[in-house]
S.K.: 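Below: one structure in structure tokens.
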2 protein chains.
Amino acid sequence: MTTPLPKKLVRGSSSGVAIMAVFDLLGRKWNMRIMWELNSDPLSFRGLQERCDGMSPSVLNTRIKQLTEAELVFTTSEGYKLTTLGLSLMNTLNPLRDWAADWEEKISK
Amino acid sequence: MTTPLPKKLVRGSSSGVAIMAVFDLLGRKWNMRIMWELNSDPLSFRGLQERCDGMSPSVLNTRIKQLTEAELVFTTSEGYKLTTLGLSLMNTLNPLRDWAADWEEKISK
DNA sequence: TAGTCCGCTACGAAATAAGTAGCGATATTA
DNA sequence: TAATATCGCTACTTATTTCGTAGCGGACTA
């Protein structure tokens, strides 16, 4: 039988807890994409849906709720927008664009 | 009936394709976490599993294959390690740690 | 030879995402 | 004012992904 693994491992310190929450949030389909699209423009529900390859409205709805709860997105009369916190996240994620281009180039040989 | 949405929207240019692939890869449960852990140390299969809260070995196995395919991870006699490409990705993702701390602070009020 | 640990696989159950129809509200047009 | 259209969003079913667990075959050890 497989050795039971401890469910939680005591790590070096309390640091590293916050980043795990970020991984939980961003490591879910569509969340990064939605924020990326909102970083360009504020968008309506259906507009966001179109930009995100026609993703399911049911999922979009739960994503918006999550991101709103996380204070990264909020609703206005002109549609959904990033909060200051959301904008700052997209700023830290911005270098990903260049990395991605580099990666694609090297991967495709 | 719901208006059919166009499955693909013509965007401004060819730029932005690579970043979508990155979102696909990183927007999957465990992928960021695995790379984060490997950025600290090279780890064995079971070691990686422990660090990742005892995640299922079946999922871990498919993740390792994906990340290897993406040339972000490779296998050595001492365990799994990040490639140069993988290291550079973690470098661009590094500011996330600080952002996460900031976010947690503001969120918990 | 028997015991232990390893990377990894198989497989059923649970959770998440996709896909589609359509409701109620508001806006627009006839 | 009535018909039409569009909106955000919900309710459902189906498909895909992830989880949890048992355990195989190989390498090492006693």
S.K.: Is there, by distance only and without an angle test, a donor paired with an acceptor across the side chain of A:S58 and the base of C:dG19 below 3.5 Å?
M.R.: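 Between C:dG19 and A:S58, which were checked side chain against base, a qualifying N/O pair under 3.5 Å is present.
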S.K.: Compare all side-chain heavy atoms of A:M35 with those of A:L93 and state whether any distance is below 4.5 angstrom.
M.R.: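 A:M35 does not reach A:L93 side chain to side chain.
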S.K.: Out of A:L60, A:L43, A:N39, which residue meets the side-chain contact (heavy atoms from CB on, under 4.5 Å) rule with A:I34?
M.R.: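 Among A:L60, A:L43, A:N39, the one meeting side-chain contact (heavy atoms from CB on, under 4.5 Å) with A:I34 is A:L60.
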S.K.: Could you give the CZ-to-P distance, from B:R63 to C:dT9, as a whole number of Å?
M.R.: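 Computing the B:R63:CZ to C:dT9:P distance gives 15 Å.
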S.K.: Can you check the B:L48 CG to C:dC6 C1' distance for me, whole Å?
M.R.: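 So the two atoms are 14 Å apart, to the nearest Å.
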S.K.: Using whole Å, what does the distance between atom P of nucleotide D:dC9 and atom CD of A:E50 come to?
M.R.: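 Between P of D:dC9 and CD of A:E50: 15 Å.
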S.K.: I would like to know whether A:I64 and A:Y80 meet side-chain contact (heavy atoms from CB on, under 4.5 Å); could you show each step before the answer?
M.R.: CA-CA 9 Å; A:I64 288 172; A:Y80 300 103; 3.7 Å; yes
S.K.: Looking at C:dG7, I'd like to know if its phosphate oxygens (OP1 or OP2) sit under 4.0 Å from a side-chain N or O belonging to B:S44.
M.R.: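 Yes, within the criterion.
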S.K.: Counting only side-chain N and O atoms of A:R46, is one of them less than 4.0 Å from OP1 or OP2 of D:dC9?
M.R.: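 Answer is no, no contact under 4.0 Å.
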S.K.: It should be established whether B:W30 places a side-chain nitrogen or oxygen under 4.0 Å from OP1 or OP2 of nucleotide D:dC19.
M.R.: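 For D:dC19, OP1/OP2 do have a side-chain N/O of B:W30 under 4.0 Å.
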S.K.: Quick one: are B:E104 and A:V17 in side-chain contact, heavy atoms under 4.5 Å?
M.R.: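 They are in side-chain contact.
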S.K.: Go through D:dT10, D:dC9, C:dA18 for me and flag the one nearest to the A:N61 side chain.
M.R.: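 My answer, after comparing the listed nucleotides, is D:dT10.
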S.K.: What nucleotide, of D:dT21, D:dT18, C:dA17, holds the atom closest to the side chain of B:P57?
M.R.: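 Per side-chain heavy atoms of B:P57, the pick is D:dT21.
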S.K.: On DNA chain D, does the nearest nucleotide to A:K29 precede the nearest nucleotide to A:F45 from the 5' side, or the other way round? Give the residue.
M.R.: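 On the 5' side of the pair lies A:F45.
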S.K.: How long is the line joining CZ of B:R33 and C1' of D:dT18, in whole Å?
M.R.: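 These atoms are roughly 16 Å apart.
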S.K.: Step by step, would you call B:R97 with B:N94 a side-chain contact (heavy atoms from CB on, under 4.5 Å)?
M.R.: CA-CA 6 Å; B:R97 193 204 332 257; B:N94 211 38; 3.0 Å; yes
S.K.: Would you kindly give the CG-to-P distance between B:L43 and C:dC6, to the nearest whole Å?
M.R.: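 After rounding, the gap between these two atoms is 13 Å.
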S.K.: Separation of B:Q66 atom CD from D:dT18 atom C1', in whole Å?
M.R.: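 My rounded result for the distance is 12 Å.
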S.K.: Atom CE of B:M55 to atom P of C:dT9: distance rounded to whole Å?
M.R.: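 These atoms are roughly 14 Å apart.
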S.K.: Using whole Å, what does the distance between atom P of nucleotide D:dT18 and atom CG of B:L60 come to?
M.R.: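 Rounded to whole Å, this separation is 13 Å.
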